[in-house]
Structure formats: structure tokens, C-alpha cells
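Taking it in order: structure first as C-alpha cells, then the write-up.
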Amino acid sequence: MKIKAPKGTADTFPPVSEEWERVGSIMAQRARCYGYGLIKTPVFERTELFTRSIGAATDIVKKEMYTFEDRAGRSMTLKPEETAPVVRAYIEHGLDKRPGLTKLYYMEPIFRYERPQSGRYRQHHQFGVEAIGSADPSLDAEVMRLLMDIYAVLGLEELVLRVNSVGCSSCRGAFREKLRDALSPALNLFCEDCRRRYGENPLRLFDCKNEKCRELLSDGPFIDDNLCEGCGSHFRRVLSLLELLDVPFVKDGKLVRGLDYYTRTTFEVVSGELGAQNAVGGGGRYDGLVELLGGRPTPCVGFGTGMERVLAVMKEQDLRCGMQGPPAVFLALLGDRPRERGLKLMYELRQAFIHADTDYFDGSLKAQLRQANKRGFRLVIIIGEEELAGKSAKIKDMLTGEEEKILLVEAVERIKAICS
RNA sequence: GUGGGCGUAGCUCAGCUGGUUAGAGCACCUGGUUGUGGCCCAGGAGGCCGCGGGUUCAAAUCCCGUCGCUCACCCCA
């Protein structure tokens with residue numbers, strides 16, 4: 001019986017893996033322009049980090065974590081998100097005790113034990129940023145500008161940025177009660193799930209996809225109309241800065257998020273080309289998290305975007321991120337002595353940072369040329385007994401079919417010239 | 001955790017009202033050129049028809065179970 005990759009995981013080969021590299025480097029490059037630097041954190045953490053930050057009552061913590069005991073009996077969890085680990089590292093290294101802003105970006109694997117479906121995996125990868133240390137609304141706007149900027153550079157189209165504010169701990173609590181009061185008379189008209197949400201977390205009712213439930217909620221009340229003074233003015237400022245920075249967005253009072261630590265600004269970017277799992281990115285402000293995890297009160301904002309989903313949208317929109325490397329060289333070597341000389345030349349080419357490869361199956365010249373053609377090599381160097389006797393080689397251009405005779409001692413220089 | 005769809009060659013799939021050696025396209029290999037790719041032609045290799053059990057003279061085909069994949073709910077990137 002064959003061993004297969006675990007459910008919900010994927011193996012990735014060229015050329016798709018190269019697409020990943022390219023997309024990742026574009027994201028990183030954009031983030032660096034906005035002042036962010038790379039952070040790397042472990043794939044597993046103490047379990048408490050997530051139960052405390054994400055919220056013990058959330059689905060992620062209740063049923064989606066890969067949790068195990070290590071050999072010393074400590075409870076560990078493969079990270080189901082990256083914000084908490086970044087904040088943990090930030091506090092652990094004393095960064096909260098210094099003034100100023102810390103801007104970090106990451107590209108990390110994320111693990112959630114869910115039933116896989118289109119766009120949802122048990123191991124996926126997120127690129128994200130965290131701006132830690134300031135409540136300035138221009139940071140909220142900047143983070144969203146960066147996210148949309150990344151999508152634009154990659155060529156993604158028809159994305160919708162939805163923005164909301166879920167307020168702070170005080171105004172959200174008040175709103176939750178107001179919402180319950182407003183809905184209680186008509187509660188029996190809602191679907192089963194919504195009636196359950198009503199008790200657990202009424203804000204989640206806004207997430208329901210059921211047409212009827214949506215209609216019942218269409219008249220509000222909405223959280224963004226019920227913010228306290230501070231949260232309200234912060235939100236208005238964020239929205240006006242988005243306009244200033246030419247970020248198209250839709251204000252959506254129904255947008256709520258699944259992690260407890262969010263405060264004030266929340267946002268999500270959805271694509272119409274992704275099926276049910278249509279969010280390509282999302283994020284928001286989490287002003288209470290640093291303190292919750294034992295640091296000094298520190299306001300923060302960030303986003304995460306799913307690599308697999310970004311790649312999926314790119315595929316749907318037929319976008320390629322292929323790299324156009326320098327022309328590669330294939331060495332067709334015929335016979336033992338020509339092969340020895342050719343292997344040496346191949347080594348010299350590689351030393352000169354030229355992509356060079358050869359045949360390892362003792363194929364005929366015809367088979368070797370066919371292989372070179374199929375694998376997309378631009379140049380083929382042919383060395384047989386005949387060439388070797390004259391200390392020469394043939395260079396064949398696979399596009400034009402033309403051949404040129406060169407001296408072996410000049411081969412590297414000649415090929416470098418062609419490649420440049 | 002719940003529900004639907006699907007498991008046949010490396011890939012995409014046909015065959016499934018049961019009936020000889022299980023097919024196609026793409027990919028792969030060889031030949032058509034004593035040492036010249038792509039196109040074309042000819043040939044070739046490649047399959048416990050997911051696995052286990054049952055019905056039957058006979059099962060890729062029908063039935064049951066199981067595993068896997070997939071889509072959706074839930075939730076989220």
C-alpha cells in the first residue's frame with residue numbers, strides 16, 4: 001500500500017513551485033517598500049498561546065488545532081495562525097519595552113484540522129504583515145494599501161475590499177446586547193445555526209449565507225453605527241485615508257471576523273472566482289493582544305493573505321508569474337572520451353553561473369536533442385569523437401537550428417557572450 | 001462532525017442494461033537519417049479496472065462494506 005501525503009496537504013513541483021517562489025518574492029519586495037522586515041517563527045508553539053489569543057470559544061481552538069504532547073508532557077500546537085506567534089516573539093524579545101513601531105512580514109505554513117475542500121487545506125501558507133506599536137489610523141490604511149498593492153502588482157482583478165469596525169471591548173459589548181434585543185422578537189424566523197450563534201456570539205449572525213437570515217438582518221442594527229466616540233472617529237479617519245490613498249473599498253457593517261482578538265478596523269478581500277472559500281486575504285486591528293499575552297498595552301494592525309488562494313485566483317485569471325531566466329545550455333555528448341571532456345566543460349559553465357545540464361541515459365544524439373528540445377533548452381553543445389579530435393564543439397541554436405563550430409578552450413566565453 | 005459526486009494506463013477520460021486477450025487522446029520509448037530536435041508516419045512499453053467481501057457458469061460492469069479523492073455545509077486564508 002502506497003503512502004500518500006496527509007489529507008489536505010499538497011506536494012508542489014516545478015513549474016508551480018517556481019510560481020510560488022516568484023509570487024512570494026513579489027510580496028516580500030512590496031512589504032519591504034512599506035518598511036516591513038522578515039520575521040520567522042517556529043511551526044509549533046505552546047498550546048496556551050492560541051487558546052488565550054484566538055479565543056477558547058472559537059472554532060479554531062475548539063476543533064481545528066493540531067495539538068500534541070511533546071516527550072516532556074507539554075502541550076504543543078502546530079500554529080493555526082501567525083499573529084499570535086509574532087506577538088509572542090515581539091514580547092519575548094522585549095520589543096514592547098522600546099518606543100516606536102515594529103513592522104514585520106512573514107511567509108509561514110499554517111495548520112488547521114478541517115475537512116478539505118476547494119481553497120481549504122489542512123496545511124496552507126500565509127503571507128502577512130504586522131505593524132505593532134501604534135493606533136494611528138494611517139497605519140490601518142497603509143496595511144490595506146499594501147495588501148491591495150500586492151494584489152495589483154500580481155495582476156489580480158475584480159477583488160473587493162470590505163471594511164468594517166468592530167469597536168473596542170466596551171462598545172462591542174454594548175452592541176452585542178443591543179443586537180440581541182433587536183433580534184429576539186424574530187429569533188424563531190432564523191435558521192438553526194443562527195439561533196445557536198445568537199447565544200454564543202451574536203455578531204456571527206452576519207456571516208450566515210442563508211438568504212432569509214440575511215434579509216432579516218438587512219435593516220441592522222450594525223456595529224459601525226454603534227461605535228463609541230473614540231472608535232467612531234478612528235473608523236471615519238481610516239475610511240477617509242483609504243480614499244486619500246486611492247484604495248477602493250466597500251464599507252460593510254456586516255463584516256465580522258472569527259478570531260476574538262480583533263478590535264476596531266477589520267477587513268477582508270474576496271474574489272468572485274474562488275468558490276465557497278472566497279476570501280483571499282483579511283486582517284484588522286488587535287489593540288488588546290499584546291497586553292493579553294503579557295506585554296505592555298500596544299496597539300497593532302496587520303493582515304494575512306492565503307498563498308494557495310492567491311495562486312488559485314491567478315490561475316483562474318490566467319496570470320503567469322514565470323521567470324525568464326538566461327538561456328540554458330544542454331550538452332549532447334557522444335562516446336566516453338567526448339563525455340569526459342563535456343562533463344568538464346559543463347562544470348566550468350556552472351561555475352560561470354550558467355544553467356547547464358546533460359543526458360544521463362546514454363541516449364543517441366537524436367534522443368538527446370529531443371530531450372533538450374522538450375526541456376526547453378535554448379542551446380545545445382554537441383561533442384563527439386569528430387569534434388574532440390579538432391579540440392572543438394558545435395553550438396546549436398534550438399530556435400533557429402543554426403550550428404556554429406567553436407574551440408573548446410573558448411567555449412565558456414563564447415556561451416557567456418550568447419547568454420548575456 | 002454532516003451531506004452530495006467520483007475512484008479504470010504517468011495525466012484526462014471512454015467502457016458499466018454482466019459475456020473472449022480492458023480502450024482512446026496526451027505524455028513516454030524505438031524506428032523511418034552510420035551523429036541532428038520540433039511536424040508527420042510506423043511500431044512499442046505501460047493497468048491486481050482503489051481495497052475486501054457477496055451474487056453469478058461468468059463482475060471493470062450488479063450488491064454490501066471499507067479506504068481515498070472531491071465539492072458543499074460549518075468555519076476561514
Side-chain angles (χ1 to χ4, degrees), chain A residues 1-10 13 54 57-65 79-83 106-128 147 151 191-194 196-197 200-201 204 207-210 255-259 267-271 274-283 302-313 330 332-335 338 359 361 363-388 394-403:
Chain A
M1 127 163 191
K2 277 187 271 185
I3 298 176
K4 296 184 171 174
K7 186 194 284 277
T9 66
F13 292 90
I54 299 171
T58 59
D59 280 26
I60 292 177
V61 169
K62 277 198 308 195
K63 50 192 191 193
E64 294 176 3
M65 296 208 301
K79 55 189 174 191
E81 63 107 35
E82 185 61 16
T83 299
Y106 60 83
M107 164 79 87
E108 297 281 338
I110 298 294
F111 305 86
R112 288 181 203 166
Y113 194 91
E114 302 178 272
R115 275 290 272 279
Q117 70 186 74
S118 181
R120 193 171 74 182
Y121 308 94
R122 288 188 173 179
Q123 176 178 353
H124 76 277
H125 300 77
Q126 282 187 25
F127 176 91
L147 180 59
Y151 295 144
C191 71
E192 198 181 320
D193 286 329
C194 282
R196 181 180 45 91
R197 293 188 187 102
E200 287 174 2
N201 184 353
R204 286 292 185 69
D207 262 347
C208 190
K209 285 171 184 163
N210 190 313
L255 176 66
V256 291
R257 311 229 79 223
L259 293 82
F267 56 92
E268 178 173 279
V269 181
V270 297
S271 164
L274 280 185
Q277 310 300 315
N278 63 353
V280 289
F303 71 71
T305 182
M307 291 295 292
E308 284 82 356
R309 290 186 187 175
V310 168
L311 273 305
V313 175
F330 187 91
L333 310 170
L334 307 163
D359 169 69
F361 297 94
S364 64
L365 178 60
K366 181 180 184 146
Q368 295 197 48
L369 282 169
R370 193 169 18 215
Q371 181 185 170
N373 183 59
K374 210 131 259 159
R375 292 172 59 188
F377 286 86
R378 169 74 191 288
L379 298 174
V380 173
I381 294 176
I382 300 169
I383 306 175
E385 293 292 352
E386 201 177 301
E387 287 78 14
L388 193 59
K394 281 183 188 162
I395 297 183
K396 183 180 177 81
D397 184 318
M398 295 298 275
L399 289 181
T400 63
E402 285 168 16
E403 290 184 17

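The chains referred to below are lettered A, B, ... by the order of the sequence lines, with proteins before strands, and numbering in each begins at 1. As the structure is a prediction and not an experimental result, all values here were calculated from the model. Excluded from the calculations below are hydrogen atoms, water molecules and symmetry mates; all remaining heavy atoms, backbone and side chain alike, are included.
Counting all heavy atoms, side chain and backbone alike, A/T9 lies closest to A/P6 at OG1-O, 2.6 Å. Residues A/P116 and A/G8 come closest through the heavy atom pair CG-CA, 3.7 Å. Closest approach of A/A372 and A/V380 over heavy atoms only: CB-CG2, 3.6 Å. Closest approach of A/P80 and A/M65 over heavy atoms only: CG-SD, 3.8 Å.
Classification of the A/F377-A/F330 ring pair by plane angle, with boundaries at 30° and 60°, yields perpendicular.
Base pairing analysis places B/C49 opposite nothing; no Watson-Crick or G-U wobble pair with both distances below 3.5 Å involves it. Nucleotide B/A59 has no partner under the Watson-Crick or G-U criteria, as no pair reaches both atom distances under 3.5 Å.
The side chain to side chain contact (heavy atoms under 4.5 Å, CB included) test applied to A/A57 returns no partner, not counting sequence neighbours. Evaluation of the side chain to side chain donor-acceptor pair (under 3.5 Å) rule for A/E386 yields no partner, not counting sequence neighbours. Scored by the side chain to side chain donor-acceptor pair (under 3.5 Å) test, A/D359 finds A/Q371 as partners (sequence neighbours excluded). Annotation: side chain to side chain contact (heavy atoms under 4.5 Å, CB included) contacts of A/Q117 (sequence neighbours excluded): A/R120, A/A276, A/Q277. Under the side chain to side chain contact (heavy atoms under 4.5 Å, CB included) criterion, A/D59 pairs with A/K62, A/K63, A/E64, not counting sequence neighbours. Judged as a side chain to side chain contact (heavy atoms under 4.5 Å, CB included), and not counting sequence neighbours, the contacts of A/L365 are A/A332, A/L334, A/L369, A/I382.
Here the OH atom belonging to A/Y106 is positioned 4.5 Å from the OG1 atom belonging to A/T83, to the nearest 0.5 angstrom. Going from atom CG of A/L379 over to atom NZ of A/K394 covers 15.5 Å, rounded to the nearest 0.5 Å.
Whole-Å rounding puts the A/R112 CZ to B/A77 C1' distance at 7 Å. Here B/U34 presents its C1' atom at 12 Å from CG of A/L334, a figure rounded to the nearest Å. We find that NZ of A/K63 is positioned 14 Å from P of B/C73, with the value rounded to whole Å. Rounded to whole Å, the distance from OH on A/Y121 to P on B/A72 is 10 Å. Rounded to whole angstrom, the span from the CZ atom of A/F330 across to the C1' atom of B/U36 amounts to 13 Å. Distance, A/I54 CD1 to B/C76 C1': 12 Å, rounded to whole Å. Atoms CG (A/D59) and C1' (B/C73) sit 12 Å apart, rounded to a whole Å.
A distance-only check finds no donor-acceptor pair linking the side chain of A/R378 to the backbone of A/D397 [under 3.5 Å]. Between the side chain of A/E268 and the backbone N or O of A/G282 there is no donor-acceptor pair closer than 3.5 Å.
The same atom, C1', is picked in B/G52 and in B/C39; the two are 49 Å apart, to the nearest Å. To the nearest whole angstrom, the two P atoms, one in B/G65 and one in B/A9, are 25 Å apart. Nucleotides B/U21 and B/G3 have their P atoms positioned 41 Å apart, rounded to a whole Å. Across the P atoms, B/C62 and B/G5 are found 14 Å apart, a figure rounded to whole Å. Nucleotides B/C26 and B/A45 place their C1' atoms 16 Å apart, quoted to the nearest Å. For B/U66 and B/A27, the C1' atoms lie 33 Å apart once the distance is rounded to whole Å. Taking atom P in both B/C11 and B/C76, one finds a spacing of 36 Å when rounded to whole Å. A distance of about 24 Å separates the C1' atoms of B/U12 and B/C51, rounded to the whole Å.
Nucleic acid contact for A/E387: base, since at least one base atom lies under 4.0 Å from a heavy atom of the residue. Here A/I382 lies in heavy-atom contact (under 4.0 Å) with a base. Contacts of A/F127 with the nucleic acid, taken as non-hydrogen atoms under 4.0 Å apart, are absent. Residue A/G128 is classed as having no contact, given no heavy-atom separation below 4.0 Å to the nucleic acid. Nucleic acid contact class of A/S118 (heavy atoms, under 4.0 Å, all strands): sugar-phosphate only.
For A/E386, whose side chain is taken as the heavy atoms from C-beta onward, the closest listed nucleotide among B/G35, B/C76, B/G38 is B/G35. Of the candidates B/G35, B/C76, B/G37, B/G35 carries the atom nearest the A/L365 side chain, counting heavy atoms from C-beta on. The side chain of A/K396 lies closest to B/U36, out of B/U36, B/G35, B/G38. Nearest nucleotide to the side chain of A/A276, out of B/G37, B/C73, B/C74: B/C73. The side chain of A/H124 lies closest to B/A77 when the candidates are B/A72, B/U36, B/A77.
Within the structure, every pair that satisfies the salt bridge (Lys or Arg N to Asp or Glu O under 4.0 Å) test and touches residues 363-377 of chain A, not counting sequence neighbours, is listed here: A/D357-A/R375.
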Output one line per pair: protein atom, nucleotide atom from nucleotides 1-8 of chain B, and distance, for all N/O pairs under 3.5 Å.
unit_1	atom_1	unit_2	atom_2	d
B/U2	O4	A/R115	NH1	3.0
B/U2	O4	A/R115	NH2	3.3
B/G3	O6	A/R115	NH2	3.3

Any N/O pairs under 3.5 Å between the protein and nucleotides 47-52 of chain B? List them or say none.
none

Please list, for nucleotides 27-31 of chain B, all pairs of protein and nucleotide N/O atoms separated by less than 3.5 Å.
unit_1	atom_1	unit_2	atom_2	d
B/C28	OP1	A/K374	NZ	3.1
B/C28	OP2	A/K374	NZ	3.3
B/U30	OP2	A/R370	NH2	3.0

Under 3.5 Å, which protein N or O atoms sit close to an N or O of nucleotides 67-69 of chain B? Give each pair with its distance.
unit_1	atom_1	unit_2	atom_2	d
B/G68	O2'	A/K4	NZ	2.9
B/C69	OP2	A/K7	NZ	3.1

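For A/Q117 against B/C74, a side-chain-to-base donor-acceptor contact under 3.5 Å is present. A donor and an acceptor atom sit less than 3.5 Å apart, one in the side chain of A/E403 and one in the base of B/U36.
Checking A/G282 against A/L274, the closest nucleotide of RNA chain B that is more toward the 5' end is the one next to A/L274.
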Side-chain donor-acceptor contacts of residues 305-313 of chain A below 3.5 Å, not counting sequence neighbours, with atom names and distances?
unit_1	atom_1	unit_2	atom_2	d
A/T305	OG1	A/Y151	OH	2.6
A/T305	OG1	A/V280	O	2.7
A/E308	OE1	A/H125	N	3.0
A/E308	OE2	A/H125	N	3.4
A/E308	OE2	A/H125	ND1	2.8
A/R309	NE	A/G119	O	2.8
A/R309	NH1	A/A279	O	2.9
A/R309	NH2	A/G119	O	2.9

